[in-house]
Amino acid sequence: IKSQAEMHKQILGMSPSGKLFCLYPEEFTYKEMKPHLPAKIQESNLTSMVLFLKRMDIAGLGHCDFISRPAPESLMQALEDLDYLAALDNDGNLSEFGIIMSEFPLDPQLSKSILASCEFECVDEMLTIAAMVTAPNCFSHAPLGTEEIALTCWRKFSHPAGDHFTLINVFNAFKEASGNSTNQYYSNEKWCRDYFLSCSALRMAETIRAELVEIMKRIELPISEPDFGSEENILSIKKSLVSGYFMHIARDVDGSGNYLMLTHRQVAQLHPFSSYYNTRRIPEWVLFHEFSISEDNSIRVVSEISPDLFMELAPQYYFTNLPPSESKDILQEVIDHLSPVSTMKEEQKTNYDKKEYGKYPQSPTEQRCIIQ
């Protein structure tokens, strides 16, 4: 970046004597460098920002006086994502569900998962997941020569259902370690060092979780009792996650950990901090929290799901709009093989949803998405 190079030259050039050498890679020249770094708003996901602007009742996003205007395609994608999450009504304004989602200072997909957990009665666990993925990474980089020791320590928290559940184990263990000592600060620091974990990240997760609990109480949403570990609870957590992150689904296309994302059709690998990384068991279908291009096209915080669960909870119009792929064909086969009994149960559930949530001005295909 030219602006950074010029700044460095000015700082280093203040010396009264000597020579200043500016070194650049051989494959490009100074003239080819960009004058400035692009604004973050031009490269980031705008879904949270658009939800905030909608809540502030700022209409006509295309005419907003942005300091650095994002691409129109990015704004349209953000609106489309909010529509998939049932945050918008038929007129493009926030639905009642979208207004509740905007109460949380979180990514809209994460807010949707928390609200879905109210139905599936796993709010306590979902709040822990939300806090852990919002806080900085809790796994510290192990010093050179201690990588294997760190991996052995982390495996103690590993959960077969995936990384989201592993994060719950880490948080619960941190809380337990805090409660078993009279000197809580020293106990936390030592325990985290022993397990190669970031104490500051876990403390931040603790603070975020407490704030989320306060928001839940303020808007009078139910908080279920903790029940982590039971099969029913694990399934409920997965349902809540899929309800918000159905746009973050990937499939292993060759059995070696090369995951093709359904939405963007990009290939990614598991992040080294994933509990599935370098293991014999590589799940075929996964839900991931985020995709990072800067870290070798990796997907972070990954948990296994079944295609049946995805088809049960993802909006039908989202599935219809997916680009053609082998994965989409497999999901279509899942729909085609639904038994009449399952179809009947789904119709009964939809009728119940319409009665229970009829106040939301949504189309029939969105009704199923609203409560989930």
Donor-acceptor under 3.5 Å ([X] side chain, [Y] main chain):
X: Arg251; Y: Lys328; answer: no
X: Ser113; Y: Ser240; answer: yes
X: Asp89; Y: Asp91; answer: yes
X: Thr134; Y: Ala130; answer: yes
X: Ser102; Y: Arg55; answer: no
X: Lys217; Y: Ile223; answer: no

Which pair of heavy atoms, one from [X] and one from [Y], lies closest together, and at what distance?
X: Leu221; Y: Cys118; answer: CB-SG, 4.3 Å
X: Tyr195; Y: Lys156; answer: CE2-CD, 3.8 Å
X: Ala87; Y: Met101; answer: CB-SD, 4.0 Å
X: Arg265; Y: Ser325; answer: NE-CB, 4.3 Å
X: Ala201; Y: Ala135; answer: O-CB, 3.7 Å
X: Ile208; Y: Ala131; answer: CG2-CA, 3.9 Å

Residues Glu147, Phe196; criterion side chain to side chain contact (heavy atoms under 4.5 Å, CB included); working and verdict: CA-CA 10 Å; Glu147 293 87 353; Phe196 296 88; over 6 Å; no
Full working for side chain to side chain contact (heavy atoms under 4.5 Å, CB included) between Thr128 and Arg209: CA-CA 6 Å; Thr128 299; Arg209 192 184 189 284; 2.8 Å; yes
Residues, nucleotides or ligands: over 12 heavy atoms within 6.0 Å of Gln266 CD: yes
Glu121, CD atom: more than 12 neighbouring heavy atoms under 6.0 Å: no
Phe310 ring center within less than 6.0 Å of Trp285 ring center: no
Aromatic ring proximity, centroids under 6.0 angstrom, Phe288 and Tyr259: no
Taking the side chain as every heavy atom from C-beta outward, state whether [X] and [Y] have any atom pair closer than 4.5 Å.
X: Leu106; Y: Leu212; answer: yes
X: Leu79; Y: Lys54; answer: yes
X: Leu151; Y: Glu148; answer: yes
X: Val301; Y: Glu290; answer: no
X: Leu94; Y: Leu88; answer: yes
X: Leu85; Y: Met247; answer: yes
X: Phe165; Y: Asn233; answer: no
X: Val50; Y: Leu75; answer: yes

Lys/Arg-Asp/Glu bridge criterion (N-O < 4.0 Å) met for Arg218, Glu211: no
N-O pairing of Lys175 and Glu206 below 4.0 Å: yes
No-hydrogen, no-angle side-chain donor-acceptor test under 3.5 Å, Ser275 and Asp163: yes
Salt bridge (charged side-chain N to carboxylate O under 4.0 Å, His left out) involving Asp194 - partner list, sequence neighbours excluded: Lys190
How are the rings of [X] and [Y] set to each other: parallel, tilted or perpendicular (split at 30° and 60°)?
X: Phe228; Y: His159; value: tilted
X: Trp154; Y: Phe139; value: perpendicular
X: Tyr245; Y: His289; value: tilted

[Y] reachable from [X] in the ILVMFWY side-chain graph, under 4.5 Å edges:
X: Val213; Y: Leu110; answer: yes
X: Phe171; Y: Phe273; answer: yes
X: Leu322; Y: Val253; answer: no

CA sep, side-chain torsions, deciding dist, call: Glu119, Lys239, salt bridge (Lys or Arg N to Asp or Glu O under 4.0 Å): CA-CA 10 Å; Glu119 179 193 0; Lys239 285 183 176 181; over 6 Å; no
Step-by-step side chain to side chain contact (heavy atoms under 4.5 Å, CB included) determination, Val267 to Asn297: CA-CA 7 Å; Val267 177; Asn297 283 9; over 6 Å; no
Verdict with reasoning, Met132 to Ile129, per side chain to side chain contact (heavy atoms under 4.5 Å, CB included): CA-CA 5 Å; Met132 289 294 283; Ile129 292 174; 5.9 Å; no
Residue pair Glu176, Asn172: steps toward the side-chain hydrogen bond (donor to acceptor under 3.5 Å, both in side chains) verdict: CA-CA 6 Å; Glu176 185 178 349; Asn172 289 344; over 6 Å; no
